[in-house]
Protein chains: 2
Amino acid sequence: MNKEEQVIMGFRDLFNKMVWLNKFKMEESLKGYKSSEVHCIEYIGRNLDSNVTKLAESFYMTRGAISKLTKKLIEKGLIESYQKPDNKKEIYFRLTEQGKVIYKIHAELHKEFQERDKDVFEQVTEEQFDSMLRFVEKYSRHLDAEIKKLGVDIQSE
Amino acid sequence: MNKEEQVIMGFRDLFNKMVWLNKFKMEESLKGYKSSEVHCIEYIGRNLDSNVTKLAESFYMTRGAISKLTKKLIEKGLIESYQKPDNKKEIYFRLTEQGKVIYKIHAELHKEFQERDKDVFEQVTEEQFDSMLRFVEKYSRHLDAEIKKLGVDIQSE
DNA sequence: ATTATTTTGTTGACAAGGAAACAAAATAAC
DNA sequence: GTTATTTTGTTTCCTTGTCAACAAAATAAT
C-alpha cells in the first residue's frame, strides 16, 4: 500500500471513529435528539436563510431526506420556517428559542471534544496545519471540478 | 473558526465529496452492485477469515446490518461462507470466482481514482505525507483510547 | 464437571434516507 | 406577454441500517 492510500484510508478510518464516538457522546448528553437533528440545528444556527436545498448540498443528502428531517424539527418546535415577501417558492429556516438551547448545548459539547483532543492538536505545528489545509483545499477543489464534469443533476442521483 | 476546526471541517467536507463522487463512479461502472456491497467484497478479498464481527467493527456498523448484507452477497453468489473444523460458532467468508471478478474491477477503478487525483498528490512532499500519517495515527490512537473509556458493548449501541 | 458469562450470528420491528414522480413558483427564451 | 425550462420543496414507495431480543457455541468461574 503506497502512501496516498495510507493517507486516504487512514483518514477514512479516523473519520469513521470520530463520527461514531462523537455521535455516541452527543446522543448521551442530548438525549432524545438524534445526531442528524443536531447537525441540522447546527447548520441552521450558523447560516442565515438556510433552506432545504442548501442543507441537502452541504450534507450530501437528497432534498427529500432534508425535507422530512426539517419537518420533524418543526413538529418538535426546534426550528421554524419563514418566507420573504418577494418570493413565494423558497422556504427558509431559523432556530426557535428551544432550538437555540440545543444549539448552545451542542456548541459546549464541541468545546468538550476540542478539550478532549487538545493533546493531539498541541503537537501539530503551524506549518503542519497550513500544509494540511492547503492539501484539503486543493483536493476539495479538484473533486469539485470532477463532480462538475459529471454534468449531472444531483437530485436525480 | 480556529485551525483545528478548519482542518476537521475541511476533511469532513472533503470526505463527503469523495464518498459521494466515488460512489457515483462505482455504481456507474459496476451497475447492479451497490457501493456497500463492493466495499464488503473488497474487505473480504483483502482479509483472510473475515466474519460478521470483524466486518462490523471495521465499518462501524452493527452486526445485524452486516449479517443481512453478507446474506445478500451469498444469495448473489459473490461470497461463500465456511467454518473451521474446531469451531462451530464462527462463520467466515471468502470470495467466489464471481466475487473475485468484482474485486478486480473494483481494484481497477481504484487505480483510476488514483490516476484522476494524481495531480493533487504529486504536489505533496514526502515530509508532508509522513506528517499527515503521524497525525492520523496519533489521533486515531487517541480516539481508540477514548472509545475504550466508554466501556461499552459496541453492539448494544 | 457444572454453572455463569461472553461471544457470535440472526431475526423482526422500526426509523432514516434514497429514487422518482409530482406541483408550484421562478426564471429564461422567444 | 406567452411559453418552455429550471428550481424548489413534498410525498410515496422501497432499500438499508439500527435496536433489541434471541439461540447456540465458546470461554471463564467455581
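Within every chain, numbering begins at 1; the chains are lettered A, B, ... in the order of the sequence lines, protein sequences first and strands thereafter.
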Can you check the A/Glu27 CD to D/dT18 C1' distance for me, whole Å? 11 Å
Suppose we screen for side chain to side chain donor-acceptor pair (under 3.5 Å). Which residues come up paired with B/Tyr33, at least two apart in sequence or across chains? none
Just to verify, what does B/Ser140 make a side chain to side chain donor-acceptor pair (under 3.5 Å) with, not counting sequence neighbours? A/Lys17
Ordered by number, residues from residues 33-41 of chain A within less than 4.0 Å of DNA chain C (heavy atoms) are A/Lys34, A/Ser36
Residues at least two apart in sequence or cross-chain that pass side chain to side chain donor-acceptor pair (under 3.5 Å) with B/Ser131, listed by chain then number, are A/Gln128
Taken to the nearest whole Å, CD/A/Glu57 to P/D/dT7 is 11 Å
Do B/Lys138 and A/Gln123 have side-chain atoms, one donor and one acceptor, less than 3.5 Å apart? yes
Between D/dC19 (P) and B/Met61 (CE): distance, integer Å: 12 Å
Assuming nearest nucleotide by heavy-atom distance, tell me which of A/Asn51 and B/Tyr60 is located more 5' along DNA chain D. A/Asn51
Please give, in whole Å, the distance from C/dA16 P to A/Leu55 CG? 17 Å
May I ask you to list the residues sharing a hydrophobic cluster with A/Leu69, side-chain cutoff 4.5 Å, ordered by chain and number? none
Classify the angle between the aromatic ring planes of A/Tyr139 and A/His142 as parallel (below 30°), tilted (30 to 60°) or perpendicular (above 60°). tilted
Near-strand residues of residues 81-96 of chain B, defined as heavy-atom separation under 4.0 angstrom from DNA chain C: B/Lys89, B/Glu90, B/Ile91
What residues form a salt bridge (charged side-chain N to carboxylate O under 4.0 Å, His left out) with A/Asp130, not counting sequence neighbours? B/Lys3
For A/Gly99 and A/Ile41, which heavy atoms make the closest approach, and how far apart are they? O-CG2, 3.8 Å
Linked hydrophobic residues, A/Leu48 as query - side chain contacts closer than 4.5 Å: none
Fit a plane to each ring of A/Phe121 and A/Phe129, take the angle between them on a 0 to 90° scale, and name the class: parallel (under 30°), tilted (30 to 60°) or perpendicular (over 60°). parallel
Where along residues 65-73 of chain B does a heavy atom fall under 4.0 Å from DNA chain D? B/Ala65, B/Lys68, B/Lys72
Whole Å only: how far is the CH2 atom of B/Trp20 from the C1' atom of C/dG17? 16 Å
Nearest-Å distance for atom pair CZ/P, residues B/Arg63 and D/dA24: 16 Å
Taking five pairs at each end of the helix from C/dA1-D/dT30 to C/dC30-D/dG1, what angle separates the two helix axes (nearest 10°)? 40°
Not counting sequence neighbours, list each pair that qualifies as a side chain to side chain donor-acceptor pair (under 3.5 Å) and has a residue in residues 94-103 of chain A. A/Glu80-A/Arg94, A/Glu97-A/Lys100
Tell me whether B/Arg116 is salt-bridged to B/Glu112, with the criterion being a basic N under 4.0 Å from an acidic carboxylate O. no
A/Lys23 vs A/Lys54, nearer the 5' end of DNA chain D by closest nucleotide: A/Lys54
Students should find that the hydrophobic cluster of A/Tyr82, defined by side-chain heavy atoms under 4.5 Å apart, otherwise consists of A/Tyr92
Test side-chain contact (heavy atoms from CB on, under 4.5 Å) on B/Lys31 and B/Glu27; report intermediate values, then the result. CA-CA 5 Å; B/Lys31 281 204 207 301; B/Glu27 296 180 352; over 6 Å; no
Can you tell me if the side-chain N/O atoms of A/Thr53 get under 4.0 Å from OP1 or OP2 in D/dT7? no
